[in-house]
Structure formats: C-alpha cells, structure tokens
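Report on one structure; see the data block that follows.
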Amino acid sequence: STQSTWAGLMGASTEGGVAAGGVVDAVNLRMFTPHNQHPQCRDVVIVDGMAERKAGLSDRADAFVALAGGLGTLEEVSEVLSARQLEFHQKPLVLLNTNGFYTKLLEFLKHATSEGFISAALHDSLLLCDTPEEAVAAIKNYVPHRIMKKELYPGAQPTSDWDAAAMAKQNQ
C-alpha cells in the first residue's frame with residue numbers, strides 16, 4: 001500500500017488543524033497527488049491549474065491567513081486584497097507577521113494608500129498578527145466593513161455605463 005505524505009507549511013498547517021480537532025478541507029493540484037495529500041482531510045478537491053485551485057480555496061474559505069511565503073503567497077495575498085477592494089468578498093485577511101516578515105509589504109501598502117492607489121479602508125481591514133493565537137482571535141472578532149472604492153476618486157464623474165453602475169453600487 002502507498003502511504004500519503006505531506007510537506008511544507010500547508011502540511012504543517014493541516015497537521016496542526018487536525019491535531020487541534022479542526023476540520024481541514026483541501027484543494028490540491030493534480031500534479032501533487034497522491035503525494036502531499038493528508039489522509040485526515042474531510043474533503044479533497046483535485047484540480048488541474050492554479051486559477052482553479054485559488055477559486056476553489058476562495059469559495060470555501062471563511063477567512064484567509066497568510067503565513068511567510070514566496071511569490072505564490074504574494075500573488076494569493078494580492079488577489080484576496082484586490083477582490084476585497086472590489087467588494088467581491090468581506091472575508092478577513094490575516095497576515096501572520098512572524099519575525100516581521102510582512103513589515104516591508106505593509107510599508108508598500110501604506111505608500112500605495114498615501115498615493116491614492118489603495119483605499120485606506122482596505123488597508124485598515126488587514127489584520128496583522130504576530131502569533132497564531134492572535135490570528136485566531138482576530139478572525140473571531142472580525143467585523144467586516146465596506147470598502148468604498150469611490151474614496152480613491154473623490155468627485156469623479158462616471159465616464160461610461162460601467163463607471164455609472166460601479167458608482168451606483170458604491171452609493172447603496
């Protein structure tokens with residue numbers, strides 16, 4: 001018989017979740033199966049590409065927690081933030097700032113906010129935590145608030161039907 005194996009931060013997260021009595025679901029790339037598939041996941045969805053994987057994760061998620069990571073993590077954080085700014089969801093996003101890992105990203109986000117490219121409300125909706133315990137508490141206490149995209153463009157007038165519809169939605 002073949003024994004399943006798991007590795008990396010996702011494997012450690014799965015192990016921790018299962019050990020704590022939690023329920024873990026997964027959306028895995030076909031290229032990683034049957035390897036890196038934890039035997040105690042409640043539900044495992046196998047997909048062929050990253051876009052499908054991220055959509056599956058986003059659809060199933062109640063919250064997002066970003067651990068230290070590389071380009072894939074940066075892309076996922078950016079996608080969650082972009083979707084949040086466009087009001088596709090109001091789910092919490094926690095940056096687990098272990099040893100100051102996300103400090104430089106936060107500096108960039110503050111700069112982009114001061115330059116008018118990111119809504120201040122979006123920046124304020126990020127949950128920065130130093131420990132997993134703080135992350136869990138932040139998610140439990142999270143109160144969503146609307147991101148008003150129009151605050152990026154005060155006094156802007158619609159120049160198309162698309163703009164008019166977007167501004168009307170923001171005024172609701």
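Quick note: numbers below take in every heavy atom, side chains included, and nothing from hydrogens, waters or symmetry partners. Every value quoted in this text rests on a predicted model; they were computed, and no experiment measured them.
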Determine whether Thr103 and Asn97 satisfy the following criterion, side chain to side chain contact (heavy atoms under 4.5 Å, CB included), listing intermediate values before the conclusion.
CA-CA 7 Å; Thr103 301; Asn97 198 31; 3.6 Å; yes

Backbone N or O of Val80 within a donor-acceptor pair of the His89 side chain at under 3.5 Å?
yes

Keeping the roles fixed (side chain from Thr113, backbone from Leu109), state whether a donor-acceptor pair exists under 3.5 Å.
yes

So, the side chain of Lys110 versus the backbone of Leu105: is there a donor-acceptor pair under 3.5 Å, distance only?
no

Does any N or O in the side chain of Asp25 come within less than 3.5 Å of the main-chain N or O of Asp43, such that one atom is a donor and the other an acceptor?
yes

For Leu93 and Arg84: C-alpha separation, side-chain torsions, deciding distance, then whether side chain to side chain contact (heavy atoms under 4.5 Å, CB included) applies.
CA-CA 9 Å; Leu93 170 59; Arg84 178 73 175 93; over 6 Å; no

Shortest non-hydrogen contact between Ser58 and Lys91, atoms and distance
O-NZ, 2.6 Å

Using atom types as modelled and distance alone, determine if a side-chain donor or acceptor of Ser82 lies under 3.5 Å from a backbone N or O of Glu79.
no

Test of understanding: clusters of I, L, V, M, F, W, Y form through side-chain heavy atoms closer than 4.5 Å, transitively. Do Leu122 and Phe108 belong to the same one?
yes

What distance do Asn99 atom CG and Phe101 atom CZ have between them, rounded to the nearest 0.5 Å?
10.5 Å

Closest non-hydrogen atom pair, Gly69 against Tyr102:
N-OH, 4.3 Å

Residues, nucleotides or ligands: over 12 heavy atoms within 6.0 Å of Asp59 CG:
yes

Are the side chains of Val44 and Cys41 in contact, using a 4.5 Å heavy-atom criterion?
yes

For residues Leu29 and Val45: do they belong to one hydrophobic cluster (side chain heavy atoms under 4.5 Å, members Ile, Leu, Val, Met, Phe, Trp, Tyr)?
yes

How long is the span from the CD atom in Glu75 to the CG atom in Leu71, to the nearest 0.5 Å?
9.0 Å

Whether Asn28 side chain and Ile46 backbone form a donor-acceptor pair below 3.5 Å
no

From CA spacing to verdict: side chain to side chain contact (heavy atoms under 4.5 Å, CB included), Val24, Arg42
CA-CA 6 Å; Val24 178; Arg42 176 183 63 182; over 6 Å; no

Below 4.0 angstrom, N of the basic side chain to O of the carboxylate: do Glu76 and Arg53 qualify?
yes

One should read off an interatomic distance between Leu127 CG and Phe64 CZ, to the nearest 0.5 angstrom, of 12.5 Å

Using modelled atom types only, decide if a donor and an acceptor are shared between the side chain of Tyr142 and the backbone of Ala63 within a distance under 3.5 Å.
no

On a heavy-atom basis, which atom in Phe117 and which in Gln85 lie closest, and how many Å separate them?
O-NE2, 3.8 Å

For a quick test of reading the model, state the closest non-hydrogen atom pair linking Leu96 to Pro132 and the distance between them.
CD1-N, 3.8 Å

Enter the distance from Asn141:CG to Glu134:CD here, rounded to the nearest 0.5 Å.
12.0 Å

Would Val94 and Ile139 count as a side chain to side chain contact (heavy atoms under 4.5 Å, CB included) here? Give the steps.
CA-CA 8 Å; Val94 173; Ile139 291 168; 3.7 Å; yes

Minimal heavy-atom distance between Ser13 and Leu67, with the atoms involved, is OG-CD1, 3.6 Å

What is the distance from atom CD of Glu87 to atom OG of Ser119, rounded to the nearest 0.5 Å?
9.0 Å

Can you tell which of Val65, Thr73, Val77 makes a side chain to side chain contact (heavy atoms under 4.5 Å, CB included) with Leu95?
Val77

